[in-house]
2 protein chains.
Amino acid sequence: MATTTAGQKRAEAKREYDAYIAACPSRQLLDTVADKWVTLVLTALADTPLRYSELSRRIAGVSQKMLTQTLRTLERDGLVDRAVTATVPVRVDYTLTPLGESLVTVMAGVKTWAEAHMPEVQRARRRYDRR
Amino acid sequence: MATTTAGQKRAEAKREYDAYIAACPSRQLLDTVADKWVTLVLTALADTPLRYSELSRRIAGVSQKMLTQTLRTLERDGLVDRAVTATVPVRVDYTLTPLGESLVTVMAGVKTWAEAHMPEVQRARRRYDRR
DNA sequence: CGGTATCCATCCAGATACTG
DNA sequence: CAGTATCTGGATGGATACCG
């Protein structure tokens, strides 16, 4: 029988909406930016270009895997530039691209909002948890 | 023996940095906002207050679990107001708080950046993937 | 109507080991 | 120095069933 369960209907609607969501630019930006290591790497590079080892020291606590993965993503997205110097041992420098810099600028705006309003959010949380 | 492995050192550094990261307001904002359903619910409520059932229809594809979970989080963070009318059957209305509205405003700014620059990011991705 | 409660598959971050 | 390869446990989201 061609019975359609609620789950199937939702699953179908989900596919449609996932496509809609995936197409939303702000959603895509979130996917790239809303990551712990991404924000840290971007912030670290905001001041000055850094080598791989400098980044891993500056962002203490990051594993090689995560640092490399993050840098690859940022490079792929055109936010970070990767320059290899074929010395022995190898030297790799990471720089913010103009696009990357413009993103860091926007993130600063978000940070401003957060600094202004997060205390309020935290008060709301405490209030909610106390009830 | 008191040998300290690289993993242990990194784990320790991680704890310190996690605390640092957790204390960063913009990081905390990201934790609350960088969520698929959060953005959708906030956007849906930007225009007008909605009932639970209206939200679940408007954000097709969301499961009850995720919708409820998202709304609870938003309520806890003071971004959304939940009003129960004790009729039979029950009626629950969700409204953006002033704080929630100000967040939606900021998100609009991010959206603007995304709309302006995501095409560039996508070109960068295609370029990278083609190499 | 507006939820809980529960179970389950899946994805992903982190740890470890190895390499050009 | 700057990675790659591989494994695993814990969190996360979805499906389903039930409730005031």
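So you know, we letter chains A, B, ... as the sequences are listed, proteins then strands, and number each from 1. Heavy-atom basis, side chains included; hydrogens, waters and symmetry copies ignored. Note that this is a predicted model, so its numbers are computed, not measured.
- For A:R82, no side-chain nitrogen or oxygen approaches OP1 or OP2 of D:dA2 to under 4.0 Å.
- By the neighbour-count criterion of 12 heavy atoms within 6.0 Å, atom OH of B:Y128 is densely surrounded, having more than that number from other residues, nucleotides or ligands.
- One interatomic measurement links the two molecules: CD of B:E54 to C1' of C:dG2, which rounds to 13 Å at whole-angstrom precision.
- When the P atom of C:dC11 is taken as reference, atom NZ of B:K36 falls 13 Å away, rounded to whole Å.
- Residues A:R72 and A:Y94 come closest through the heavy atom pair NH1-OH, 3.7 Å.
- Taking every heavy atom of both residues into account, A:P25 and B:M118 meet most closely at O-CG, 3.6 Å.
- A single hydrophobic cluster is not seen to contain both B:L74 and B:L30; linkage of ILVMFWY side chains at heavy-atom distances under 4.5 Å, directly or through other members, places them apart.
- For A:Y52, no side-chain nitrogen or oxygen approaches OP1 or OP2 of D:dT4 to under 4.0 Å.
- Between A:Y17 atom OH and D:dG13 atom P there is a gap of 20 Å when expressed in whole angstrom units.
- The phosphate of C:dG2 (OP1 or OP2) has a side-chain N or O of B:S53 nearer than 4.0 angstrom.
- Whole-Å rounding puts the A:R58 CZ to D:dA2 C1' distance at 19 Å.
- Following rounding to the nearest Å, B:Y94 (OH) and C:dC1 (P) show an atom-to-atom distance of 14 Å.
- Taking every side-chain heavy atom of B:T68 into account, C:dT4 is the closest of C:dT4, D:dG3, D:dG14.
- As rounded to whole Å, 7 Å separates atom P of C:dG3 from atom CG of B:L71.
- For A:V92, taking side-chain heavy atoms from C-beta onward, the closest of the listed nucleotides C:dG2, D:dA2, C:dT16 is D:dA2.
- The residue among A:M66 and A:P89 whose nearest nucleotide of DNA chain C is located toward the 5' end is A:M66.
- The interatomic distance linking A:I59 (CD1) with C:dG14 (P) rounds to 13 Å, in whole Å.
- Within the structure, a side-chain polar atom (N or O) of B:W37 is placed less than 4.0 Å from OP1 or OP2 of D:dG14.
- Spacing between atom CG of A:L67 and atom P of C:dA13 amounts to 14 Å, rounded to whole angstrom units.
- When distances are taken from the side chain of B:Q64 to each of D:dA17, D:dG3, D:dG13, the shortest belongs to D:dA17.
- Contact between B:A114 and B:P119 at its shortest, heavy atoms only, is O-CD, 4.0 Å.
- Among the atoms of the strands shown, only primed sugar atoms or phosphate atoms (P, OP1, OP2) are found under 4.0 Å from some heavy atom of B:R51.
- Side-chain proximity of A:K65 to D:dT4, C:dT16, C:dA13: nearest is C:dA13.
- Across C:dG2, D:dG14, D:dG3, the shortest atom-to-atom separation from the side chain of B:R91 is found for C:dG2.
- Checking the phosphate oxygens (OP1, OP2) of D:dT4, a side-chain nitrogen or oxygen of A:R72 falls inside 4.0 Å.
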